[in-house]
Colleague: 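Mind looking over this structure? Questions follow.
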Amino acid sequence: MRDRILKSVRTLAAVLPMLALAQPMAAQSVGTQRDDSWEWSVGAGLWYTDGALRDYLGSTGYGTSARPSRLAPAVAVRVGYNVSNHWGFSIGTSGAKASGVKYLTPFAAATYTFNLNARFSPFFTGGTQFTRITGQNSRKTHPTWGTHLGVGFRNMLSPNLALRVEGRMGIEHYAALPGAKTAYNSLATIGFSYFSAGRRAPPPPAPMAVRVDTVRVVRVDTVRLAALPPRPHVCQHGVAPAGAPLDQYGCLVLRDTLLLEAVHFEFDKSVITPTATPILDRVAESMLAYPEAVFEIAGHTDSVGTFAYNFLLSARRAAAVRDYLIRQGVPASKMTAVGYGEGFPIAPNATVVGRALNRRGIELRVKKP
């Protein structure tokens with residue numbers, strides 16, 4: 001069982017970096033960021049007791065049975081301080097009880113997060129812990145030293161509230177154990193984190209000065225200046241996607257989500273095909289007609305291939321479109337690129353037609369009107 005748990009931890013540690021790369025350009029919150037913030041967490045889950053430690057507790061009469069249960073319901077609380085977008089420190093405690101044996105584990109940890117200000121933020125954690133075990137008749141034991149390593153992720157539900165999932169492997173030395181002295185106790189929890197107000201995001205850059213044409217009207221002894229309206233933003237380069245609504249100046253009407261169905265890539269690559277560049281030229285001109293808007297470039301795939309590979313492929317394709325639009329003059333601050341892989345299908349992947357619909361190319365989403 002211990003080997004299976006260690007394999008699960010290693011697998012999760014391998015998958016989390018891929019999920020982080022799948023959203024390399026995840027949008028930061030507009031307004032308050034989570035740098036320089038306090039984080040309050042509470043969670044519930046399962047405690048797993050090392051086999052040698054479980055046998056010792058049973059043979060010495062700690063529990064109500066000769067072999068106390070390995071699994072026990074558990075709760076955990078913590079408070080932490082996020083020094084930056086990546087690093088944070090926390091203290092807390094967890095507790096569990098099974099077969100009459102109580103486990104109380106205070107801990108202190110350092111946490112590295114891939115991007116704390118992203119909507120989805122995987123993290124690694126490690127530090128010290130010290131499990132106090134209480135059995136029947138107030139019997140007690142504890143390790144001489146202990147440490148832990150863990151992985152997890154936060155998924156933001158609002159600017160200040162996140163779903164937090166964490167798995168932690170404790171490594172503790174018990175001098176009282178008859179054989180090997182090291183015990184591997186694990187804890188898996190799911191819960192919530194609340195962030196206090198963090199550092200304010202820098203204000204958006206001041207709008208560029210608009211050139212105003214003036215006409216001088218002369219009357220006998222008076223000079224007056226009359227302002228003319230700014231010239232409209234005209235879109236005349238490239239080709240508009242088929243069926244997309246246009247305004248009177250030839251620009252795309254961007255409201256919610258625009259599906260760029262004709263934007264294709266080379267097979268199994270993130271190289272934009274030549275037929276897609278005229279469409280992206282018109283998209284770039286149209287985005288400049290919305291100076292206050294922020295856009296998300298979303299990439300999708302069907303279910304052919306592995307889950308992690310499809311995430312990475314969709315992220316690379318979304319990033320390629322973003323890079324092209326930047327070269328056409330769209331400010332980088334107006335766009336984020338996100339890969340969703342096969343995560344949000346619009347049709348069943350069991351059919352050829354369904355898979356073709358799920359390879360729907362690129363979506364341009366208006367995030368801030």
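Counting from 1, the numbers follow the sequence of the chain as shown.
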Colleague: Just jot down the side chain to side chain contact (heavy atoms under 4.5 Å, CB included) partners of Thr128, sequence neighbours excluded, or say none.
Modeller: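 Per chain and number, Thr128 pairs via side chain to side chain contact (heavy atoms under 4.5 Å, CB included) with Ala108.
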Colleague: Can you sort out the partners of Arg154 under side-chain hydrogen bond (donor to acceptor under 3.5 Å, both in side chains), two or more places apart, ordered by chain and number?
Modeller: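 Applying side-chain hydrogen bond (donor to acceptor under 3.5 Å, both in side chains) to Arg154 gives Glu39, Thr113.
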Colleague: Can you list everything that forms a side-chain hydrogen bond (donor to acceptor under 3.5 Å, both in side chains) with Ser303? Sequence neighbours excluded, please.
Modeller: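 For Ser303 there are no side-chain hydrogen bond (donor to acceptor under 3.5 Å, both in side chains) partners, ignoring immediate neighbours.
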Colleague: How about CG on Leu71, more than 12 heavy atoms from neighbouring residues, nucleotides or ligands closer than 6.0 Å, or not?
Modeller: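 Above 12, so yes.
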Colleague: Quick check: are there more than 12 heavy atoms from other residues, nucleotides or ligands sitting under 6.0 Å from CD of Glu261?
Modeller: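 Atom CD in Glu261 is not packed in, count stays at 12 or less.
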Colleague: Any side-chain heavy-atom pair from Val253 and Ser286 closer than 4.5 angstrom?
Modeller: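 No, side chains not in contact.
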Colleague: Between Arg168 and Ser94, is any pair of side-chain heavy atoms under 4.5 Å apart?
Modeller: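 They are in side-chain contact.
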Colleague: Using side chain to side chain contact (heavy atoms under 4.5 Å, CB included) as the criterion, list what pairs up with Pro241, not counting sequence neighbours.
Modeller: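 Side chain to side chain contact (heavy atoms under 4.5 Å, CB included) check on Pro241 returns Ala244, Leu252, Leu260, Ile279.
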Colleague: Phe267: which other cluster members, linking ILVMFWY side chains closer than 4.5 Å, directly or transitively?
Modeller: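 For Phe267, no cluster forms, as it stays isolated from other hydrophobic side chains.
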Colleague: Which residues pass the side-chain hydrogen bond (donor to acceptor under 3.5 Å, both in side chains) test with Thr131, not counting sequence neighbours?
Modeller: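 Only Thr105, Glu172 meet the side-chain hydrogen bond (donor to acceptor under 3.5 Å, both in side chains) criterion with Thr131.
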Colleague: Passes ring pair (Phe, Tyr, Trp, His ring centres under 6.0 Å), His300 versus Phe344? Steps please.
Modeller: CA-CA 8 Å; His300 300 274; Phe344 294 92; 7.1 Å; no
Colleague: What I'd like to find out is whether the side chain of Arg164 reaches to under 4.5 Å of the side chain of Phe123, using heavy atoms alone.
Modeller: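 Yes. Closest side-chain heavy atoms under 4.5 Å.
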Colleague: Taking side chain to side chain contact (heavy atoms under 4.5 Å, CB included) as the test, write out the residues that go with Leu104, two or more places apart.
Modeller: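 Expected list: Thr93.
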Colleague: State, yes or no, whether a side-chain contact exists between Gln328 and Val283 at a heavy-atom distance under 4.5 Å.
Modeller: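 No; the side chains remain at least 4.5 Å from each other.
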Colleague: Is atom CZ of Arg132 surrounded by more than 12 heavy atoms (other residues, nucleotides or ligands) closer than 6.0 Å?
Modeller: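 Open: at most 12 neighbouring heavy atoms sit under 6.0 Å from CZ of Arg132.
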Colleague: Could you walk me through whether Tyr324 and Asp281 satisfy the side-chain hydrogen bond (donor to acceptor under 3.5 Å, both in side chains) test, starting with their C-alpha distance in whole Å, then the side-chain angles of each, then the deciding distance to 0.1 Å, before giving a yes or no?
Modeller: CA-CA 9 Å; Tyr324 183 87; Asp281 291 342; 2.7 Å; yes
Colleague: Which other residues end up in the same hydrophobic cluster as Leu259, if Ile, Leu, Val, Met, Phe, Trp and Tyr are linked when side-chain heavy atoms come under 4.5 Å apart?
Modeller: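 Cluster partners of Leu259: none, it stands alone.
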Colleague: For Thr141, enumerate each residue passing the side-chain hydrogen bond (donor to acceptor under 3.5 Å, both in side chains) test, keeping only those at least two apart in sequence or located in another chain.
Modeller: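 Counting only residues at least two positions away or on another chain, Thr141 forms no side-chain hydrogen bond (donor to acceptor under 3.5 Å, both in side chains).
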Colleague: According to side chain to side chain contact (heavy atoms under 4.5 Å, CB included), who are the partners of His86, at least two apart in sequence or on a separate chain?
Modeller: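 With sequence neighbours excluded, His86 shows a side chain to side chain contact (heavy atoms under 4.5 Å, CB included) to Ser84, Tyr112, given in chain and number order.
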Colleague: Check the hydrophobic clustering (I, L, V, M, F, W, Y; side-chain heavy atoms under 4.5 Å; chains of links allowed) and say if Leu46 and Ile190 are grouped together.
Modeller: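 Result: no, two separate clusters.
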Colleague: Less than 4.5 Å apart, side chain to side chain, heavy atoms only: is that true for Trp40 and Phe192?
Modeller: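 Side-chain contact under 4.5 Å: no.
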Colleague: Is it the case that more than 12 heavy atoms not belonging to Lys269 sit under 6.0 Å from its NZ atom?
Modeller: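 No, because the 6.0 Å sphere around NZ of Lys269 holds 12 heavy atoms or fewer from other groups.
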Colleague: Evaluate the side-chain proximity of Cys235 to Arg282: yes if any heavy-atom separation is below 4.5 Å, no if none is.
Modeller: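 A side-chain contact under 4.5 Å exists here.
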Colleague: In the hydrophobic clustering that connects Ile, Leu, Val, Met, Phe, Trp and Tyr at side-chain heavy-atom distances below 4.5 Å, which members other than Leu57 occupy its cluster, ordered by chain and number?
Modeller: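 Noted: Leu57 shares its cluster with Trp47, Leu53, Tyr56, Tyr62, Val101, Tyr103, Ile133, Tyr174, Leu177, Leu187.
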Colleague: Considering only Ile, Leu, Val, Met, Phe, Trp and Tyr, and joining two whenever side-chain heavy atoms are under 4.5 Å apart, list the other residues clustered with Val352.
Modeller: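 None; Val352 is a cluster of one.
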